[in-house]
J.: 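This is the structure, below, for whatever I ask next.
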Amino acid sequence: MTSDPVAALGLPARALVGERLTKKLLLDMAAETASDRKLITNAIASATVEAVLTPATTGIAEHREPGRRVQDVAVISLVLAGQVSAKDQARVLDLVHRSMPRPVIVLLKATDDGVAISAALTRVSQTDDSRSVVEASIAGDLASLPEGSLNVGQLVRTDLWAYYQDLAKAIATDGNGSPDLDAEHAIAARRRLDSLEADLATVTRQAQKEKSLPKRIDLNTRAKTLRAEIEDVRGLLYAHHQQQHR
């Protein structure tokens with residue numbers, strides 16, 4: 001994956017903006033509580049609107065359906081001020097996705113030069129049409145995604161909402177999603193996979209430390225069950241996994 005996170009999206013030059021967001025504007029947009037304001041103030045060093053995707057800047061049509069109209073997609077980068085916990089990073093991403101009535105691609109840049117990319121399936125809030133409700137979200141390590149997998153030219157271009165959903169699916173599936181899977185189910189499957197893998201790591205550690213043979217057998221049996229479940233989810237999630245098991 002290219003070292004330039006914005007370039008990884010392969011956007012036309014006319015879509016690029018590069019406009020800094022002041023901390024005050026970011027707080028006014030995203031913070032919902034006093035603790036949110038403190039979090040954003042302490043965790044975020046700077047914010048930039050990197051690009052805005054519209055029909056004019058991308059050649060991709062807007063999306064219209066009852067209850068959802070997508071006229072543009074924003075790309076916003078956030079630079080972390082220091083070491084920020086995974087929980088706090090997730091909260092910041094959620095706040096930004098909810099802060100405006102449009103889909104947002106968020107690039108979260110860490111102090112070690114690592115970059116996470118986040119997308120969220122949203123709809124405009126019925127109680128506040130300047131904000132969104134997050135229905136599902138996903139974040140992934142940009143460097144781990146295959147070269148070109150997020151390039152606008154490689155994703156669905158039917159309309160801006162279809163493009164955004166395909167981007168979210170690519171993040172959830174490491175750029176190798178099953179063609180039969182939509183973004184919502186891909187995100188759910190990835191979250192399930194991450195949870196199963198975390199459970200397996202815990203059970204494996206417990207089994208290695210357990211001195212009681214009967215308990216160790218139970219833990220190893222549980223680990224075997226988890227591995228089978230992981231294989232099932234991988235088969236659903238990844239196109240290459242399906243091919244290998246045909």
Side-chain angles (χ1 to χ4, degrees), residues 1-11 15-53 73-122 130-134 136-147 149-150 164 167-168 170-175 187 190-191 193-195 197-199 201-202 205:
M1 178 63 69
T2 177
S3 59
D4 181 349
V6 179
L9 299 174
L11 303 178
L16 304 180
V17 177
E19 180 179 327
R20 293 289 292 270
L21 278 175
T22 66
K23 185 66 72 71
K24 181 180 185 303
L25 182 55
L26 180 62
L27 288 167
D28 290 344
M29 285 171 44
E32 299 179 4
T33 66
S35 61
D36 289 337
R37 294 185 71 86
K38 182 178 180 181
L39 170 61
I40 293 172
T41 298
N42 293 336
I44 303 302
S46 64
T48 304
V49 179
E50 301 286 2
V52 178
L53 288 70
V73 175
V75 181
I76 294 178
S77 66
L78 304 174
V79 178
L80 294 175
Q83 295 297 320
V84 180
S85 70
K87 179 181 178 182
D88 284 345
Q89 289 184 38
R91 176 60 178 170
V92 168
L93 290 172
D94 186 58
L95 289 170
V96 173
H97 284 302
R98 297 208 309 245
S99 69
M100 57 191 77
R102 60 180 54 80
V104 184
I105 301 166
V106 186
L107 300 168
L108 192 63
K109 303 178 181 179
T111 53
D112 62 359
D113 294 329
V115 180
I117 182 168
S118 175
L121 307 184
T122 60
S130 69
R131 301 180 64 80
S132 289
V133 174
V134 173
S137 63
I138 188 69
D141 177 18
L142 192 63
S144 70
L145 294 167
E147 189 77 29
S149 60
L150 301 183
Y164 187 83
L167 178 92
I171 297 170
T173 62
D174 298 323
I187 291 172
R190 182 55 184 263
R191 288 187 173 276
L193 178 62
D194 290 345
S195 176
E197 289 179 338
D199 288 347
T202 298
R205 286 196 301 271

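Below, all heavy atoms of this structure are taken into account, side chains as well, without hydrogens, waters or symmetry copies. Source: prediction; values computed, not measured. Numbers here simply count residues along the sequence, with the first being 1.
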J.: With a 4.5 Å cut-off on side-chain heavy atoms, are T122 and R98 touching?
T.: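 No, side chains not in contact.
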J.: Looking only at heavy atoms, which two atoms of T111 and G82 are closest? And how far apart?
T.: CG2-CA, 3.7 Å
J.: Kindly give the heavy-atom pair with the smallest separation between A31 and I40, and that separation in Å.
T.: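 Here A31 and I40 meet closest at N-CD1, 4.0 Å.
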J.: Is any side-chain heavy atom of E50 closer than 4.5 Å to one of I105?
T.: no
J.: Using a 3.5 Å distance criterion without hydrogens, assess whether the side chain of D36 forms a donor-acceptor pair with backbone atoms of E32.
T.: yes
J.: Please check if atom NZ in K23 has more than 12 non-hydrogen atoms from other residues, nucleotides or ligands closer than 6.0 Å.
T.: yes
J.: Looking only at heavy atoms, which two atoms of A168 and A119 are closest? And how far apart?
T.: CB-CB, 3.9 Å
J.: At what distance, to the nearest 0.5 angstrom, does CD1 of I76 lie from CG of L108?
T.: 12.0 Å
J.: Quick one, V106 and V92 - any side-chain contact, counting heavy atoms below 4.5 Å?
T.: no
J.: So, does R191 use its side chain to make a donor-acceptor pair with the main chain of S137 at under 3.5 Å?
T.: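 Confirmed, R191 side chain pairs with S137 backbone.
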J.: Drop me the distance from D28's CG to R37's CZ, to the nearest 0.5 angstrom.
T.: 6.0 Å
J.: To the nearest 0.5 Å, what is the distance between CD1 (I44) and CG (L26)?
T.: 7.0 Å
J.: What is the minimum heavy-atom distance between D141 and S144, and which atoms define it?
T.: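 Minimum heavy-atom contact is O-OG, 2.8 Å.
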J.: Nearest 0.5 angstrom please: L95 CG to L27 CG, how far?
T.: 10.5 Å
J.: How close do H97 and V104 get, counting heavy atoms only, and between which atoms?
T.: CE1-O, 3.0 Å
J.: So how far is it from I117 CD1 to I138 CD1, rounded to the nearest 0.5 Å?
T.: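 So the CD1 of I117 and the CD1 of I138 are separated by 11.5 Å.
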J.: Can a donor-acceptor pair be found, under 3.5 Å and without considering hydrogens, that links the side chain of S132 to the backbone of M100?
T.: yes
J.: Got a salt bridge between D94 and R91, using NZ or NE/NH1/NH2 to carboxylate O under 4.0 Å?
T.: yes
J.: Report the distance from atom CD1 of I171 to atom OG of S118, rounding to the nearest 0.5 Å.
T.: 6.5 Å
J.: Can you confirm whether R190 sits close enough to D174 that some side-chain heavy atom of one is under 4.5 Å from a side-chain heavy atom of the other?
T.: yes
J.: Does atom CD (E19) have a neighbourhood of more than 12 heavy atoms from anything else shown, all under 6.0 Å?
T.: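 Atom CD in E19 is not crowded, with 12 or fewer foreign heavy atoms closer than 6.0 Å.
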J.: Which atoms form the tightest heavy-atom contact between P146 and S149, and what is the distance?
T.: O-OG, 2.8 Å
J.: Y164 side chain to L121 main-chain N or O, any donor-acceptor pair under 3.5 Å?
T.: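 No; zero donor-acceptor contacts below 3.5 Å.
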